Number of protein chains: 2
Amino acid sequence: MSEQQATMRSVAVAAGVSMSTVSNVLSGRHEQMAVETRERVLAAVASLDYQPNHAARSLVTKRTATIGLIMSEVTNSLYPPVTVGAEAACRRSGYGLLLANADDADSERRGVDLMRAKRVDALVVFAVSLLDADNQHLYAAQAAGMPVVAINRHLPVDAPLSAVWFDHTSGGRIATQHLVDLGHRRIGHIAGPANRMTGVHRRQGYEAALTAAGIPRHPTLVAVGDYSFASGERLMLQLWRERPTAVFVAGDAMALGALRALSRLGVRVPDDLSLVAFGNPDLVRYATPAITTVDLPVAMAGRVAVELALRRMQRPEEKEVRLLDTSLLIRETTAPPRRGKGIGRG
Amino acid sequence: MSEQQATMRSVAVAAGVSMSTVSNVLSGRHEQMAVETRERVLAAVASLDYQPNHAARSLVTKRTATIGLIMSEVTNSLYPPVTVGAEAACRRSGYGLLLANADDADSERRGVDLMRAKRVDALVVFAVSLLDADNQHLYAAQAAGMPVVAINRHLPVDAPLSAVWFDHTSGGRIATQHLVDLGHRRIGHIAGPANRMTGVHRRQGYEAALTAAGIPRHPTLVAVGDYSFASGERLMLQLWRERPTAVFVAGDAMALGALRALSRLGVRVPDDLSLVAFGNPDLVRYATPAITTVDLPVAMAGRVAVELALRRMQRPEEKEVRLLDTSLLIRETTAPPRRGKGIGRG
DNA sequence: ATACGCTACTAAAGCGTTTTAGAAAGCATG
DNA sequence: CATGCTTTCTAAAACGCTTTAGTAGCGTAT
């Protein structure tokens with residue numbers, strides 16, 4: 001019940017050795033050590049149910065065995081898998097995961113402050129890839145000796161941070177290529193916002209695929225959204241007037257919105273229109289019909305980010321940037337175009 | 001850049017006072033203190049950009065200003081809002097949030113060990129409400145002086161833990177009542193698993209509402225699922241053979257599955273069948289049609305849980321249990337029953 | 001015999017706070 | 001003039017660990 005927590009001193013006394021010896025046994029440093037002594041110490045540790053005091057240890061080692069995670073946009077569908085992946089990697093390495101959420105640039109900055117105050121060993125920041133994001137506070141943290149790794153953040157090439165980035169361009173190409181392969185030529189695009197690198201890149205992928213297939217780009221077939229359900233719905237309504245036979249929607253929530261619009265319009269998917277989404281498949285796979293998606297390996301991103309952070313702690317000079325591949329998950333919303341005219345009331 | 005982190009000693013020197021004075025100023029304890037001295041100290045703090053070392057502080061106060069959060073079932077739709085709510089409450093109180101995920105009873109136990117090793121001040125555990133859950137490790141933590149509050153966990157009344165619980169029974173009643181009010185009499189139920197208190201309670205609510213409305217219970221109108229999309233789909237297919245005019249589905253993922261089944265069957269919602277879901281509305285509101293839901297105030301649960309934890313730290317003897325109300329969000333899947341026969345191929 | 005090296009351990013300083021006990025200075029009281 | 005009371009500040013111990021420098025004991029080379 002309320003027995004005093006065992007301390008290293010009490011373990012030392014119980015084992016009849018000095019504290020230094022206990023410390024050496026537990027850290028496994030000095031290997032010149034009598035087997036009998038080691039065993040006596042371990043027995044004492046076990047019998048007293050000793051657990052080292054992290055605070056005391058941190059005080060001298062100047063490390064906390066904790067990694068900070070700052071998550072932007074908690075409503076983002078990528079939030080859970082990133083967090084889960086990061087936590088798993090932390091746990092595997094014996095690190096704790098300190099979580100902070102951020103709604104905007106300012107709360108992100110406060111989150112970084114918090115992490116610096118708490119002296120986490122490294123920081124992982126998941127971002128919304130804004131083109132004009134301010135990174136100074138991250139650079140400052142990195143310069144102060146706290147490795148920072150950015151996930152999905154738009155960074156200049158010479159930024160001092162390790163980073164994980166998704167191959168949005170290739171993802172956009174794959175999505176569009178899939179539609180081309182099915183025989184579509186009149187392929188629309190509901191794009192991400194122009195101030196987000198993800199939006200820009202996915203669109204570039206879309207355009208590249210069209211060009212590669214010798215399909216002329218048609219500006220009226222592209223509508224720019226903001227990744228929200230509402231924008232997906234609105235823009236699909238608008239885009240349908242152009243009678244595409246397929247649409248590549250650059251976000252998962254927008255794809256759900258598009259589906260709603262199509263349902264209102266009486267357009268059948270995939271019979272009258274094919275649809276490919278982009279993002280976290282968990283969100284769209286349970287729609288009806290199940291939406292074909294380009295999958296962002298988000299849990300992996302969380303995992304890789306903390307691995308990069310851990311590595312940077314060892315070799316602070318070696319910045320690493322990791323590009324993660326996307327993959328196409330074909331489900332029920334894509335099919336060859338129907339011959340003949342489009343239908344619907346639009 | 002790499003200037004040494006300021007310590008309390010350097011602040012003291014800069015301000016020309018003792019460390020004790022600096023400490024007193026910062027903690028705001030002693031109020032008998034010359035204004036001029038206080039200002040000198042604060043100026044020194046600011047100019048040196050001093051940040052207290054948490055580890056050193058923890059070592060003497062024996063508190064870490066950190067709360068642990070253990071989340072069961074990361075794929076649960078409640079994961080993000082609970083986490084967000086908890087984090088917000090922590091931040092507001094100047095606490096950090098240490099996150100650990102758990103897939104099963106064993107990893108939950110390891111999570112608790114981790115939290116005890118890290119000496120968090122309190123522990124919040126989000127659970128899956130299993131009827132036969134083992135709580136001994138939680139009781140042990142509480143007994144060891146670390147307040148534990150359980151969210152959505154099935155606990156005996158005399159459990160020593162503070163707890164947050166949703167009113168699943170009332171939620172089930174509200175959902176069913178809504179259907180009754182619309183004029184439905186033949187109301188089916190896709191229930192949660194029998195080994196989860198949530199499932200049992202929601203079903204009891206359903207049955208209570210029927211009884212109150214004088215509608216006889218019909219066993220074939222109830223199917224027991226496991227909260228998965230797949231079970232929702234399968235059971236809806238099965239339940240349709242009984243030709244209900246409305247169904248109360250006890251989970252959000254199951255409701256999505258049910259919608260898929262109905263689409264396959266060619267049953268129109270809500271024209272041919274009304275549907276009410278239960279859980280996190282964020283999951284089902286973007287379905288087409290948008291599903292009427294009984295909303296679990298999950299973010300609030302996370303927030304309240306850490307508030308209870310904080311309070312329990314002050315008054316360890318006062319265990320508190322908080323029951324959170326649910327509310328009905330009416331959307332597009334519920335309507336009065338059609339007169340005449342049911343339709344569909346089923 | 002002395003110096004040396006090796007093995008297996010230990011003493012003690014130090015990490016950066018909080019907190020307890022108390023000191024110095026000024027002033028009123030008997 | 002001694003005493004006591006305030007007010008404002010300080011000295012120093014303590015928290016529980018890691019780590020550096022070093023020692024005791026003993027065998028071996030010179």
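Chain identifiers are assigned alphabetically (A, B, ...) following the order of the sequence lines, protein sequences preceding nucleic acid strands; residue numbering begins at 1 within each chain. Because the structure is a prediction, the values reported are computed rather than measured.
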Rounded to whole Å, the OH-P distance (B:Y50 to C:dG16) equals 10 Å
I want to verify a distance call: between D:dC17, D:dT10, D:dC15, whose nearest atom is closest to the A:A56 side chain? D:dC17
Between P on D:dC17 and CZ on A:R9, what's the gap in Å once rounded to a whole number? 10 Å
Side-chain N or O of A:S23 versus OP1/OP2 of D:dT18: is the shortest distance under 4.0 Å? yes
Does A:T61 have a side-chain nitrogen or oxygen under 4.0 Å from the phosphate oxygens OP1 or OP2 of D:dC17? no
With distance as the sole criterion, is a donor-acceptor pair present between the side chains of A:T64 and A:D121 under 3.5 Å? yes
Short side-chain N/O contact to C:dT10 OP1/OP2 from A:S20, under 4.0 Å: no
Value in whole Å for how far the C1' atom of D:dG16 lies from CE of A:M19: 6 Å
In whole angstrom, give the distance that lies between atom NE2 of A:H54 and atom P of C:dT17. 20 Å
Please determine if A:E320 and A:R311 form a salt bridge, counting it only when a charged side-chain N lies under 4.0 Å from a carboxylate O. yes
Hey, which sits more toward the 5' end of DNA chain D by its nearest nucleotide, B:S18 or B:R119? B:S18
If you compare every side-chain N and O of B:T21 against the phosphate oxygens of D:dC9 (OP1, OP2), does one of them come in below 4.0 Å? no
C:dG16 C1' sits how many Å from B:N53 CG, rounded? 6 Å
Just so I know, are the side chains of A:R63 and A:R119 near enough to count as touching, which here means a heavy-atom distance under 4.5 Å? no
Of the listed nucleotides (C:dA8, D:dC15, D:dT10), which one gets closest to any side-chain atom of B:L59? D:dC15
Specify the separation, in whole Å, of atom CZ of B:R63 and atom P of C:dG16. 22 Å
Using atom CE of B:M8 as one end and atom C1' of C:dG14 as the other, report the distance to the nearest whole Å. 18 Å
D:dC17 phosphate, OP1 or OP2: any side-chain N/O from A:T7 under 4.0 angstrom? yes
Does the side chain of A:R57 get closer than 4.0 angstrom to OP1 or OP2 of D:dT18 through an N or O atom? yes
Less than 4.0 angstrom from a charged side-chain N to a carboxylate O is my criterion; do A:D113 and A:R109 meet it? no
Does A:K62 put a side-chain nitrogen or oxygen below 4.0 Å from OP1 or OP2 of C:dG16? yes
In this structure, how many angstroms lie between the P atom of D:dT7 and the CD atom of B:E36, rounded? 19 Å
How do B:V60 and B:T37 order along DNA chain D: which one's closest nucleotide is nearer the 5' end? B:T37
Is B:R153 salt-bridged to B:E108, going by a charged N under 4.0 Å from an acidic O? yes
Among the nucleotides C:dT10, C:dT18, D:dT10, whichever has the atom closest to the side chain of A:N24 is C:dT10
